[in-house]
Amino acid sequence: MRKKIVAGNWKMNKTLQEGVALATELKDILAAEKPNCEVIIGTPFIHLATVSELLKDSIIAVSAENCADKESGAYTGEVSAAMVKSTGAEYVILGHSERREYYNETPEILKEKVDLALANGLKVIFCIGESLEQREANQQEAVCKAELAGSVFHLTPEQWKNIVIAYEPIWAIGTGKTATAEQAEEIHAFIRKCVADVYGAQIADETSILYGGSCKASNAPELFGKPDIDGGLIGGASLKAPDFKGIIDAWK
Ligand code: 13P
């Protein structure tokens with residue numbers, strides 16, 4: 001059976017002290033009441049080592065929000081996949097629409113990042129999703145398929161085991177406008193079919209596909225109730241422990 005996952009993406013929020021406080025609160029809440037899913041928190045680079053150490057014996061896994069597309073060397077300000085791995089983090093989020101849009105990350109660059117992340121023993125949460133304009137032109141399927149083909153469909157079946165897909169329609173991110181559960185299920189099923197076309201039905205069936213975009217405790221149960229939605233990648237609602245716990249509880 002594929003994994004059910006609730007993952008947080010803190011984005012560029014929380015100082016180190018605030019991040020440690022949030023991770024501690026979450027650790028305590030989830031120690032008291034075991035979740036029915038895998039829980040991951042994606043933090044800024046500077047939090048990774050401290051938060052990973054703090055969560056070492058907990059059920060919460062830690063993720064970076066990015067890594068470099070180069071292995072090492074004279075790339076001032078960049079953080080490599082090996083460095084991320086050395087902090088104790090298990091995952092890295094790649095292909096987020098904010099990285100694609102504001103930092104010009106192309107499918108080719110993302111392919112390099114995915115390869116380096118996997119080569120360094122990280123698991124990848126790979127984000128795809130269409131803009132409002134593309135949705136209105138009914139291009140969501142073509143966009144998602146092209147984003148997969150451009151950066152992850154070259155992987156071997158063995159490597160694919162370390163990939164989690166996150167479908168995040170750009171028009172739903174931080175807007176309060178969630179895709180309906182039906183809209184999300186339709187495209188999740190399509191994404192699974194694309195995976196099956198490349199890797200076969202069994203691997204597709206074992207691939208976790210998360211939904212992201214204004215997911216919160218109130219809409220998570222309906223979204224997660226759909227057969228092809230295996231959890232969520234959560235932005236705003238991952239910044240407060242009770243809000244995040246409310247989403248985790250959708251798997252009860
Ligand atoms: P929001 O949950 O704030 O809409 O953000 C979703 C997201 O981008 C997670 O990666």
Side-chain angles (χ1 to χ4, degrees), residues 4-14 18-19 22 26 37-45 47-48 51 60-67 84 89-103 105 110 113-114 117 122-132 134-135 140 143-144 147-148 151-152 163-181 183-184 187-188 191 208-224 229-251:
K4 302 178 187 330
I5 299 172
V6 174
N9 175 9
W10 291 359
K11 308 192 179 183
M12 197 173 73
N13 294 293
K14 305 283 178 195
E18 290 165 351
L22 175 55
L26 208 56
C37 62
E38 180 168 349
V39 177
I40 305 167
I41 52 175
T43 81
F45 288 132
H47 299 59
L48 289 175
V51 169
I60 307 170
V62 177
S63 176
E65 300 174 13
N66 183 27
C67 71
V84 169
E90 267 181 67
Y91 286 87
V92 58
I93 298 168
L94 293 174
H96 196 283
S97 58
E98 289 151 16
R99 300 288 324 168
R100 293 178 192 263
E101 186 178 347
Y102 307 142
Y103 301 96
E105 293 192 1
L110 291 169
K113 294 189 179 204
V114 167
L122 293 166
K123 296 177 209 164
V124 173
I125 301 174
F126 189 74
C127 306
I128 58 175
E130 79 287 354
S131 66
L132 183 59
Q134 290 164 331
R135 166 68 63 166
Q140 60 274 17
V143 169
C144 289
E147 288 181 340
L148 291 167
S151 308
V152 288
I163 300 287
V164 171
I165 301 295
Y167 168 67
E168 300 205 306
I170 297 167
W171 47 271
I173 296 177
T175 56
K177 198 172 160 186
T178 328
T180 64
Q183 272 175 327
I187 189 112
H188 278 233
I191 292 164
S208 298
I209 307 177
L210 314 183
Y211 169 80
S214 298
C215 184
K216 40 190 184 284
S218 58
N219 57 30
E222 200 188 346
L223 285 160
F224 299 177
I229 302 181
D230 307 311
L233 181 56
I234 320 299
S238 72
L239 296 174
K240 286 190 184 143
D243 294 353
F244 195 51
K245 169 71 163 48
I247 297 172
I248 292 166
D249 285 346
W251 282 123

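From a predicted model like this one, the values you see are computed outputs, not experimental measurements. FYI, the numbering just counts along the sequence from 1. All ligand and atom numbering here is 1-based and tracks the order in the structure.
The aromatic rings of F224 and W251 lie parallel to each other, their planes meeting at an angle below 30°, with 60° marking the opposite boundary. Taking the six-membered ring where the residue is Trp, Y167 and H188 present perpendicular rings, their angle passing 60° and hence far from 30°.
Closest to atom 3 (O) of ligand 1, if we only count protein heavy atoms, is G236 N, 2.8 Å. For atom 7 (C) of ligand 1, the closest heavy atom belonging to the protein is E168 OE2, 3.1 Å. Atom 5 (O) of ligand 1 has as its closest protein heavy atom K11 NZ, 3.3 Å. Scanning the protein for heavy atoms near atom 2 (O) of ligand 1, the closest one is G235 N, 2.9 Å.
The closest approach between A237 and ligand 1 stays at or above 4.0 Å for every heavy atom of the residue. Distances from ligand 1 to the non-hydrogen atoms of A172 include at least one value under 4.0 Å.
Between the choices K216, H96, E65, the shortest heavy-atom distance to atom 8 (O) of ligand 1 belongs to H96.
Those atoms of ligand 1 that come under 4.0 Å of a heavy atom in G213, given as number and element, are 4 (O), 6 (C). In summary, the atoms of ligand 1 found under 4.0 Å from a heavy atom of N9, numbered by their order in the structure, are 9 (C), 10 (O).
Between L22 and A241, the shortest heavy-atom distance links the atoms CD1-N, 3.5 Å. Residues L110 and S151 share a closest heavy-atom pair of CB-OG, 3.6 Å. Nearest heavy-atom pair, G19 versus H47, reported as atom, atom and distance to 0.1 Å: CA-CD2, 3.8 Å.
Checked by atom type, the side-chain pair E168/H96 shows a donor-acceptor distance below 3.5 Å.
Looking at ligand 1, you'll find an N or O of G174 within less than 3.5 Å of one of its N or O atoms. Residue-to-ligand polar distances place S214 within reach of ligand 1: an N/O pair is separated by less than 3.5 Å.
Atom SG of C144 and atom CD of Q134 lie 9.0 Å apart (nearest 0.5 Å). If you take SG on C127 and CD1 on I165, they are separated by 9.0 Å, rounding to the nearest 0.5 Å.
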